[in-house]
Amino acid sequence: MPAPAPPRFALIDGNAFYCSAERVFDPSLRGVPVVVLGNGDGCCIALSPEAKQLGLKIGTPIFQVPEPIRKQIHVRSANFALYGDLSARIVSLLRELFPRVEVYSIDENFVDVEGLADPFAACLEARERILRWIGIPCCVGLGATRTLAKAGNKLAKDQSKRAVNAGQRAVFHATPQNIEALAVEDVWGVGRRFAARLHAEGVKTAADLAALPAEQVRARYGVVLARTRMELLGLPCSDLEPEEPDRQQLVVSRTFGRDLADPSEAIGTFSTVACEKLRKRGLAAGAVWVWLDGNPFKGETFNASRIMPLPFPTQDTSAVLRAVRVLVERIQAQAGASRRSSGGRVLFKRGGVGLTDLVGAEQRHADLFAGPDSKAERAMAVLDQINSKWGRGTLGLGAAGWRVGGARPGEPQRGAPNNRWRPTLKALSPCYTTKWSDLLRVR
DNA sequence: TCTGGGGTCCTAGGACCC
DNA sequence: TCTGGGGTCCTAGGACCC
């Protein structure tokens with residue numbers, strides 16, 4: 001058998017990242033089952049190993065967890081400001097150690113290990129530093145392709161779980177010859193649908209997928225999976241992308257705290273947040289869309305979306321809000337019409353705003369009639385400055401001046417009084433690293 | 001009572017144009 | 001009334017990712 005190709009890529013991934021992040025500043029959470037809940041304290045979105053051992057699954061609504069189990073777990077509301085900050089610290093640490101780093105997600109980074117004398121040792125060292133300096137335990141996968149590095153990462157997680165010497169075993173070099181232990185559904189690029197079809201064909205492991213004829217994969221599953229198969233064989237079809245590509249769209253959506261007959265305030269707030277993100281990235285939106293869904297858990301299957309092109313790509317919240325108001329009214333009219341015969345009305349459970357046809361704000365060509373409205377956009381810049389200094393929601397527009405960020409228990413609700421659509425968070429940890437008021441006190 | 005949020009890419013089919 | 005090929009753009013739907 002030929003010697004496996006040396007690894008070119010490594011994937012460094014924080015273990016149960018949100019749970020580990022909560023543990024960094026709260027030692028009482030270490031060694032005990034920790035669960036982090038998503039929007040409105042709805043579903044479990046992260047589980048510590050101890051929580052997984054209790055049989056909890058990602059995505060389970062917390063109210064479905066049996067009471068005896070719930071008594072044993074420590075629950076936190078998702079605190080993305082904290083997680084994002086710790087993630088950025090990991091990235092800057094990695095940039096000191098490796099020539100190229102691709103930020104793949106909040107808890108995963110690909111790095112370039114090509115040409116290193118001892119890639120395995122380099123990754124072990126990176127893992128050790130992240131653990132010691134930032135406090136997040138990681139696993140590392142190495143491979144000749146990004147797909148193999150991903151596979152190695154999963155195998156490293158599996159073997160370090162059982163190992164006595166967890167540090168050493170948290171790094172795994174995956175090769176086309178040693179991936180038979182990886183279930184095909186755990187291959188990067190194989191989701192639920194493909195996994196079911198592959199199983200039906202008798203393809204159970206990553207090695208089985210790699211062994212399928214190329215044409216067969218191409219014909220039955222498309223080019224994406226065909227590339228995945230190539231990468232499992234050690235033939236690279238993709239490289240690192242150290243530069244973040246320009247966004248194509250920007251979405252803000254939520255499940256409402258309760259069912260709403262009139263979701264316009266909530267949608268207005270999402271629009272405000274979306275526009276803040278837009279300006280932060282130096283982008284302008286050429287079109288706006290809105291969608292609203294009923295509550296499928298109560299048998300309400302209504303859902304609809306509407307899009308509106310803007311006369312000129314804009315960064316101006318008030319221009320977006322004007323479009324959004326029309327779109328919401330149109331969807332409400334459609335919902336009303338669909339219920340007129342039955343005499344009922346539609347209650348909405350979930351909705352969102354999308355900004356699309358994004359362009360760089362500086363790349364827009366001036367248009368005498370359509371804009372940009374530079375006066376309005378300067379006003380937006382001032383608004384952003386004030387909100388970044390005093391906190392999101394300090395200042396807003398009349399049509400949407402209510403608060404979005406997670407208020408903690410006891411914190412007064414700023415903004416419009418009628419914001420009951422927003423779920424309250426019961427167990428939000430302090431923003432230890434991003435808010436002066438939440439700095440840890442040592443005494 | 002309470003059921004996550006934010007993205008990308010590919011493909012097929014239709015409209016439209018030459 | 002019948003008859004063509006080829007290109008592009010757009011959209012909707014389906015698959016995937018974290």
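Chain identifiers are assigned alphabetically (A, B, ...) following the order of the sequence lines, protein sequences preceding nucleic acid strands; residue numbering begins at 1 within each chain.
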Whole-Å gap separating [atom2] ([N]) and [atom1] ([X]):
X: A:Asn109; N: C:dC17; atom1: CG; atom2: C1'; value: 15 Å
X: A:Arg218; N: C:dA15; atom1: CZ; atom2: C1'; value: 14 Å
X: A:Arg193; N: C:dG13; atom1: CZ; atom2: C1'; value: 11 Å
X: A:Asp293; N: B:dT3; atom1: CG; atom2: C1'; value: 13 Å
X: A:Asp186; N: C:dC18; atom1: CG; atom2: P; value: 10 Å

Report which part of the nucleic acid [X] touches: base, sugar-phosphate, or nothing (heavy-atom distance under 4.0 Å, all strands).
X: A:Arg220; value: nothing
X: A:Gly222; value: nothing
X: A:Val187; value: sugar-phosphate

- Task: Pick the P atom in B:dT3 and in C:dC18, then give their distance to the nearest Å.
- Result: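 That atom pair is separated by 25 Å.
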Can you tabulate the close N/O pairs, meaning under 3.5 Å, that link protein atoms to atoms of nucleotides 4-6 of chain B?
unit_1 : atom_1 : unit_2   : atom_2 : d
B:dG4  : OP1    : A:Thr255 : OG1    : 3.2
B:dG5  : OP1    : A:Asn39  : OD1    : 2.7
B:dG5  : OP1    : A:Thr255 : N      : 2.8
B:dG5  : OP2    : A:Thr255 : N      : 3.3
B:dG5  : OP2    : A:Thr255 : OG1    : 2.9
B:dG5  : OP2    : A:Arg350 : NH1    : 2.3
B:dG5  : O3'    : A:Arg254 : NH1    : 3.2
B:dG6  : OP1    : A:Arg254 : NH1    : 3.0
B:dG6  : OP2    : A:Ser253 : N      : 2.3
B:dG6  : OP2    : A:Ser253 : O      : 2.8
B:dG6  : OP2    : A:Ser253 : OG     : 2.7

- Pair A:Ser160, A:Arg169: side-chain N/O donor-acceptor within cut-off below 3.5 Å: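 Looking only at side-chain atoms, A:Arg169 and A:Ser160 do not form any donor-acceptor pair under 3.5 Å.
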- Task: Verify the distance criterion only: is there a donor paired with an acceptor across the side chains of A:Thr356 and A:Gln248 at less than 3.5 Å?
- Result: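 No, because no side-chain N or O of A:Thr356 sits under 3.5 Å from a partner of the opposite role on A:Gln248.
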- Working for salt bridge (Lys or Arg N to Asp or Glu O under 4.0 Å), residues A:Lys150 and A:Glu231: CA-CA 11 Å; A:Lys150 265 295 238 192; A:Glu231 292 221 331; over 6 Å; no
- Message: Both conditions, 6.0 Å and 45 degrees, for the charged tip of A:Arg350 above the ring of A:Phe256: are they met here?
- Response: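 No; the conditions do not both hold, so A:Arg350 does not lie above the ring face of A:Phe256.
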- Query: Does B:dG13 pair with anything, Watson-Crick or G-U wobble, both distances under 3.5 Å, and if so, with which nucleotide?
  - Reply: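 Partner of B:dG13: C:dC10.
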- Task: Would you mind telling me which residue lines up with the more 5' stretch of DNA chain B, A:Asn295 or A:Asp246, judged by nearest nucleotide?
- Result: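 By nearest-heavy-atom nucleotide position, the 5'-most residue is A:Asn295.
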- Do the side-chain N or O atoms of A:Lys57 get closer than 4.0 angstrom to the phosphate oxygens (OP1, OP2) of B:dT3? no
Check nucleotides 7-11 of chain C for protein N or O atoms closer than 3.5 Å to its own N or O atoms and list the pairs.
none

- Message: Restricting to non-hydrogen atoms, name the atom on A:Ala78 and the atom on A:Ile45 that form the minimum distance, rounded to 0.1 Å.
- Response: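 Reported closest heavy-atom pair: CB-CD1, 4.0 Å.
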- Return the nearest nucleotide to the side chain of A:Phe194; candidates are C:dC17, B:dC2, C:dC16. C:dC16
- Query: Aromatic ring centroids of A:Phe25 and A:Tyr432 under 6.0 Å?
  - Reply: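 Close enough - the centres of the two rings lie under 6.0 Å apart.
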- Item | Euclidean distance, A:Leu235 CG relative to A:Arg229 CZ, rounded to 0.5 Å |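 Between atom CZ of A:Arg229 and atom CG of A:Leu235 there are 8.5 Å.
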- Item | Side-chain (A:Asp208) to main-chain (A:Thr205) donor-acceptor, under 3.5 angstrom |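 Checked: pair present.
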- Message: Keeping A:Ser87 on the side-chain end and A:Ile106 on the backbone end, is there a donor-acceptor pair under 3.5 Å?
- Response: yes
